[in-house]
K.L.:
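Please find one structure pasted underneath; my questions will follow.
So that the names make sense, note that chain A is the first sequence line, chain B the second, and so on, each numbered from 1.
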Amino acid sequence: MASKQRRLAGRTGSYALLTLLAFIVGFPLYIIFAGSLMSLKEITSVPPSLFPMHPIWSTFRDAFVGGNLGQYLTVSFFQSGIIVVGQVLTSILAAFAFAYIQFPWKRTIFVAMLATSMIPFEVTVTANLQTVAALGWSETMQGLVVPFLATGFGIFLLRQAFLQIPKEMHEAAVIDGYSSWKFMWRVAVPLARPSIAALAVFSFLGAWNQYLWPLLETGSNKNIQTIQMGIRGVGGQVSTANVSLAAAAIAVAPLLILLVFFQKHLVRSLTAGAVK
Amino acid sequence: MTLNPLIKILASSALALTSMASVTLVHASNAQAASTTCDASLLAKATGKVNITFEESMTGGAVGGTGNKGKIGALIASYNASQNKVHVTDVNDTGGYADTWTKYVSSIGGSGSTPNVVMLAQEDTQAAADTQSIVPISTCLKADTKASFKTFVTKATSAYTIGSTQVGMPFSVSTPVMYYNKQALTKSGIKTPPTTMAELIADQKLLQQHGYKYGVAIKKDPWITTTWMGLADLPVLNNGNGHTSRATAATFNNATSQAYWTAMQTVIKNGGLASSATGNISTAYANIFAISTDDAGITFDTTAALGSIQDALPLFPNVTLGVAPLPTLTGKSVGSTPPGGNGLFIPKANSNLETAAAWDFIKYLTSAASIAKWSTGTGYIPIRTDSAAAWKQALSATQFGWYNVAYTAFSTGKSDSATAGSVVGAYADIQGDIVTALNGLTQSPWPSASSLLTTAQNAATTHILSYNGRL
Amino acid sequence: MAKRTSSLPTAGVGVFRTKRDRRIGLALTLPSLALFLLFTYYPFFKNFQLALYRAAPFPTLPNKFVGPSQFFSIFSDAQFWDSVRSTVIFVGLVVPIGVFLGLLMAVAAHQRLKGIRVYRTIFSSTVVSSAAVAAVVFSTILSPVSGYLPSIGIHAPDITSSSTWAMPMVAIVSAWQFVGLAFIILTAGLQSLPDDLLEASRVDGASSWTRFWRIILPLLSPTVFFTLIVGVIYGLQSFGQIDIMIGTQNSTFTHTNVLIYAIYRFIHVSANPGMAASYSIALFFITLAVTLIQFRILEKRVHYGQ
């Protein structure tokens with residue numbers, strides 16, 4: 001039937017477009033993994049080989065050992081972990097207050113918190129370096145993470161999530177004599193778990209991929225330098241492109257795993273009324 | 001979104017917090033130990049070991065090999081083993097001279113710890129002096145009546161001297177040389193490597209006719225230009241290249257530099273490779289890689305790369321390495337090659353005992369035996385004439401053939417402020433100005449060398465004046 | 001969590017209102033507030049003070065008070081305007097490419113096809129790459145030494161030395177990184193559109209093109225608008241790619257010295273917090289102006305409701 005053919009043609013067309021887009025967007029990520037297994041000659045030949053025929057696994061060893069990536073990865077997990085916990089906690093507390101409690105200056109404080117997303121971090125970085133130095137936290141882990149323990153975006157996101165909780169639930173809670181604190185931890189947070197998970201993923205992505213602040217704040221203290229500094233160092237020290245790609249692959253792998261499992265959550269968290 | 005509450009909260013936080021600002025801004029350097037003497041007797045009297053740190057930025061080998069990083073480590077270890085008063089801990093920076101310098105400046109500002117001895121690029125000499133945080137080597141030289149440094153090549157010491165004060169101790173000297181592939185030249189019918197720029201251009205054509213795509217690879221490195229200036233006995237800055245008194249203007253725009261630049265431009269216009277001087281190893285040494293892939297037969301680069309080049313040579317049977325002095329305009333030079341490289345500095349942040357220990361370590365590193373060892377296989381050349389014999393013995397005949405080119409160029413010839421290298425505070429900016437001009441020189445629409453050098457010199461002078469104005 | 005339109009929450013009004021609750025409410029906001037005051041608002045205002053001093057090149061020497069002249073001097077500095085121009089071009093490349101591709105991918109993936117989840121993961125995957133990672137892989141792909149560009153006939157020079165190629169290359173890298181985020185946001189927007197309306201238009205036989213332009217896009221416009229804002233802020237803050245691919249020595253010549261990179265160079269290379277603060281103040285006002293303009297111009301074209 002004509003419409004069936006049309007649907008088939010439409011579907012083929014859709015797949016064609018999807019595949020083309022996937023190729024365009026996915027090509028660089030593919031190269032990170034494929035290129036890290038190829039020899040230099042394969043990368044520099046014209047045309048370059050697109051699939052590692054004879055995978056060279058030693059690039060990973062060279063990147064990991066030569067670039068000391070094990071330490072950088074550990075530091076990054078630690079740094080990102082602290083930031084995630086901090087952002088999730090402070091956002092839960094503040095978002096809940098905005099969603100459920102009436103208190104003086106509520107609107108002013110809310111606006112002030114959201115407004116922080118408008119101030120690009122780079123605009124504050126000069127002074128922040130001096131503040132951190134004045135606190136005695138230069139080149140320390142505290143100085144690296146503390147400025148990022150709060151996030152306007154997180155407050156916004158979780159407030160939306162809390163607002164989604166049906167009226168009946170909090171009406172019942174008030175009747176049952178729940179205090180705000182009890183309601184927050186017993187009812188609101190468990191119900192908002194998907195958004196909290198999404199916030200955690202966003203926070204982790206952001207913290208893991210930070211570049212400017214770690215670069216400036218860690219200075220010469222290698223013990224607190226993150227994986228991003230590690231990649232930068234590999235690029236400079238070890239000579240070859242495939243080893244740099246291996247380092248990049250190592251840095252990206254944890255995030256990719258997160259993304260595969262949580263991609264749906266990320267989208268869902270934004271649809272909880274947030275994006276309109 | 002009402003503005004009023006927002007303004008209120010912003011205003012109140014501003015008022016409340018800018019008071020804290022004034023406290024942190026005028027915060028000068030913390031009261032630290034400030035060494036003023038370089039007294040060896042303190043070291044002799046000390047009970048127990050003095051621990052000091054030495055910060056450097058040598059890199060490891062590119063293709064296996066331990067490279068300069070391994071060799072400095074070995075020297076440190078042998079110092080530690082040779083005596084029991086001082087223990088030196090090596091702190092290696094992976095980001096090169098710039099990294100070490102940035103860390104040093106941060107440390108004297110209170111963030112991070114200041115090393116007890118620091119290896120800085122020769123170009124950092126003026127800035128180091130301006131920080132007012134360095135114990136000049138002159139202090140140690142005056143106090144130490146026993147040590148003698150008469151066998152040092154004068155230029156090496158002058159490079160680190162401002163006025164009558166020697167600020168740093170020379171340690172490593174490298175100079176740009178001409179690298180060429182003997183097989184490529186033979187194949188193209190070139191009997192001897194070029195000694196003039198005109199010959200270079202002619203040889204490029206011959207190489208290209210015989211299958212070498214670029215013929216010649218030119219690295220856009222300001223250092224090559226400043227070396228040519230030294231070979232012509234012309235200063236690149238006023239006030240004795242900054243040695244007599246603080247430089248206040250750049251002077252590198254003249255007929256000589258214009259002639260060199262026009263020649264370089266011709267080489268690139270004729271299909272030569274113009275490669276970058278910065279970036280990771282494959283970018284920064286693209287010119288040398290071009291020789292290994294038979295795309296070029298000749299290039300200029302630092303002797304400091306010889307260590308890594310040697311390690312990689314067995315992989316390229318098509319290359320027989322030759323080293324020759326840089327070609328000049330006339331084939332002769334009235335000046336001589338200025339030294340590049342790095343030197344050793346003692347921060348004031350030390351205690352007097354630490355400075356005494358640092359001086360002892362520096363004397364070891366710059367002893368005749370150590371310099372001979374250090375110059376073997378690193379690509380740095382000896383800074384003392386009494387190291388030359390041991391150095392020559394340690395090298396194979398082929399290696400000596402390579403290194404001796406640079407050593408001869410460095411240790412002979414005129415010795416004055418123009419050939420001692422320049423000292424200026426804002427050298428990174430000045431290098432940037434020259435790199436910008438070199439980038440313009442090597443691309444269409446091929447602006448004239450004189451216009452580019454004029455612009456670069458003006459920009460450099462502006463940078464010098466703005467730096468001086470901040471002091 | 002299902003959205004129940006019948007019980008639109010009224011929680012915002014404040015369910016808990018006792019005195020004790022009010023104190024708890026304030027206390028709950030305190031951690032975030034304290035952090036914001038200390039690390040966002042205080043430094044923001046401190047910039048104004050830093051800009052009043054001409055910084056000595058080294059921390060061991062005193063700073064000179066010069067008043068507002070330092071800030072106003074940047075407006076007569078050609079390098080400042082070059083940075084502004086570079087920033088405008090950069091953002092002008094990154095945002096449209098990112099939003100356009102993101103939108104295309106979001107619409108294409110908004111269908112019930114087999115294996116669509118794989119496509120969606122690939123489309124959003126660029127969010128995992130940091131500036132450093134993106135710079136490493138694109139350095140390899142775009143390098144004149146590698147075989148990728150030459151095999152499709154493009155002979156581009158080394159990015160660090162070409163004033164014509166450097167900006168487009170860096171913009172492509174940034175746009176690629178942004179595309180994943182744009183896709184996620186736009187997909188969320190698409191998924192929150194009422195399905196019944198979309199189904200009805202499909203059954204009505206409207207061509208895909210008309211459907212997209214007349215129905216989907218207007219409904220999606222708040223999300224597109226939001227994505228544009230996020231994109232502009234992202235573009236103004238993009239820094240890592242330029243640092244790794246081009247570097248502080250080459251950014252002036254290649255005209256990639258965008259404002260944020262100029263600020264970094266003032267902090268890190270010339271140790272000049274006075275100038276860094278001056279540029280930061282300028283950057284903030286530019287960001288503010290651009291966002292306000294966006295609100296002005298674009299919000300008129302955004303269709304809220306149906």
Side-chain angles (χ1 to χ4, degrees), chain A residues 14 17-18 21-22 25-26 28-29 31-32 43-48 90 93-94 97 99-103 109 113 116 119-120 122-124 126-128 147 149-150 163-164 166-167 170 180 205 209 211-212 228 231-232 235 241 244 248 251-252 255-256 259-260 263 266-267 270-271 275-276, chain C residues 1 4 7 9 11 14-17 21-22 24-26 28-29 31-32 35-36 39-40 43-44 46-47 105 108 119 121-125 127-128 130-133 136-137 140 145-148 150-151 179 184 187-189 191-192 222-223 236-237 239-240 260 267 273 276-277 280 283-284:
Chain A
S14 296
L17 178 63
L18 283 168
L21 288 171
V25 169
L29 260 181
I31 289 293
I32 292 180
I43 299 180
T44 56
S45 57
V46 181
T90 59
L93 296 181
Y100 281 104
I101 306 182
Q102 193 56 33
F103 54 92
I109 300 183
M113 291 200 175
T116 60
I119 300 180
E122 286 69 16
V123 165
T124 60
T126 324
N128 270 331
L149 295 182
L163 287 180
Q164 294 301 313
K167 200 160 65 158
H170 49 77
S180 50
L205 282 176
N209 286 341
Y211 186 72
L212 177 60
Q228 307 301 331
I231 302 177
R232 189 172 179 257
S244 302
V252 155
L255 299 186
L256 260 183
L259 183 72
V260 166
Q263 184 239 325
L266 296 185
V267 171
L270 294 178
T271 61
V275 187
K276 275 228 159 79
Chain C
M1 249 190 323
R4 299 206 219 148
S7 60
V15 172
F16 297 92
R17 320 184 77 116
D21 287 324
R22 291 157 84 92
I24 291 181
L26 268 175
L28 288 178
T29 62
S32 296
L35 285 164
F36 287 137
F39 293 109
T40 309
F44 173 70
K46 187 156 176 207
N47 271 329
M105 298 190 307
Y119 284 106
T121 310
I122 296 180
F123 290 154
S124 52
S125 65
V127 299
V128 308
S130 63
V133 164
V136 163
V137 65
T140 309
V145 177
S146 305
Y148 299 97
S151 57
V179 141
I184 291 178
T187 301
Q191 287 186 357
S192 59
T223 314
L236 289 172
Q237 299 181 11
F239 147 89
I260 182 57
I267 301 176
S280 299
L283 176 60
F284 169 71

K.L.:
Restricting to non-hydrogen atoms, name the atom on C:Pro273 and the atom on A:Thr126 that form the minimum distance, rounded to 0.1 Å.
P.N.:
CB-CG2, 3.8 Å
K.L.:
Which bit of C:Thr40 is near chain A, if near means a heavy-atom gap under 4.5 Å: side chain, backbone, both or neither?
P.N.:
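Both backbone and side chain.
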K.L.:
So what's closer than 4.5 Å to chain C heavy atoms on A:Ile32: side chain, backbone, both or neither?
P.N.:
both
K.L.:
Check whether C:Phe123 gets within reach of chain A through its side chain, its backbone, both or neither, counting any heavy atom under 4.5 Å.
P.N.:
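For C:Phe123, the contact with chain A is made by backbone and side chain together.
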K.L.:
Check whether C:Leu236 gets within reach of chain A through its side chain, its backbone, both or neither, counting any heavy atom under 4.5 Å.
P.N.:
neither
K.L.:
Does any part of the side chain of C:Ser124, heavy atoms only, come nearer than 4.5 Å to the side chain of A:Leu266, both counted from C-beta?
P.N.:
no
K.L.:
Does any heavy atom of chain C fall under 4.5 Å from the side chain of A:Leu18, the backbone, both, or neither of them?
P.N.:
both
K.L.:
Below 4.5 Å, heavy atoms only, C-beta onward: do A:Thr124 and C:Phe39 meet side chain to side chain?
P.N.:
no
K.L.:
Closest approach of A:Ala22 and C:Tyr119, non-hydrogen atoms and distance?
P.N.:
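Taking A:Ala22 first and C:Tyr119 second, the nearest heavy atoms are CB-CD2, 4.0 Å.
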K.L.:
Which heavy atom of A:Ala97 sits nearest to which heavy atom of C:Gly25, and what is that distance?
P.N.:
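Where A:Ala97 meets C:Gly25 most closely, the heavy atoms are CB-O, 3.7 Å.
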K.L.:
To the nearest 0.5 Å, what is the distance between CD1 on A:Ile109 and OG1 on C:Thr29?
P.N.:
4.5 Å
K.L.:
Show the nearest heavy-atom pair for residues A:Asn209 and C:Val127, with the distance to one decimal.
P.N.:
ND2-O, 3.5 Å
K.L.:
Can you say whether C:Ile122 sits under 4.5 Å from chain A via the side chain, the backbone, both, or neither, judging by heavy atoms?
P.N.:
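Backbone plus side chain of C:Ile122, per the 4.5 Å heavy-atom cut-off to chain A.
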K.L.:
Quick one: what part of A:Gln263 sits under 4.5 Å from any heavy atom of chain C, side chain, backbone, both or neither?
P.N.:
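A:Gln263 touches chain C through side-chain heavy atoms alone.
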K.L.:
With chain A as the partner, which of C:Thr121, C:Leu28, C:Ile267, C:Leu283 has the greatest number of non-hydrogen pairs under 4.5 Å?
P.N.:
C:Leu28
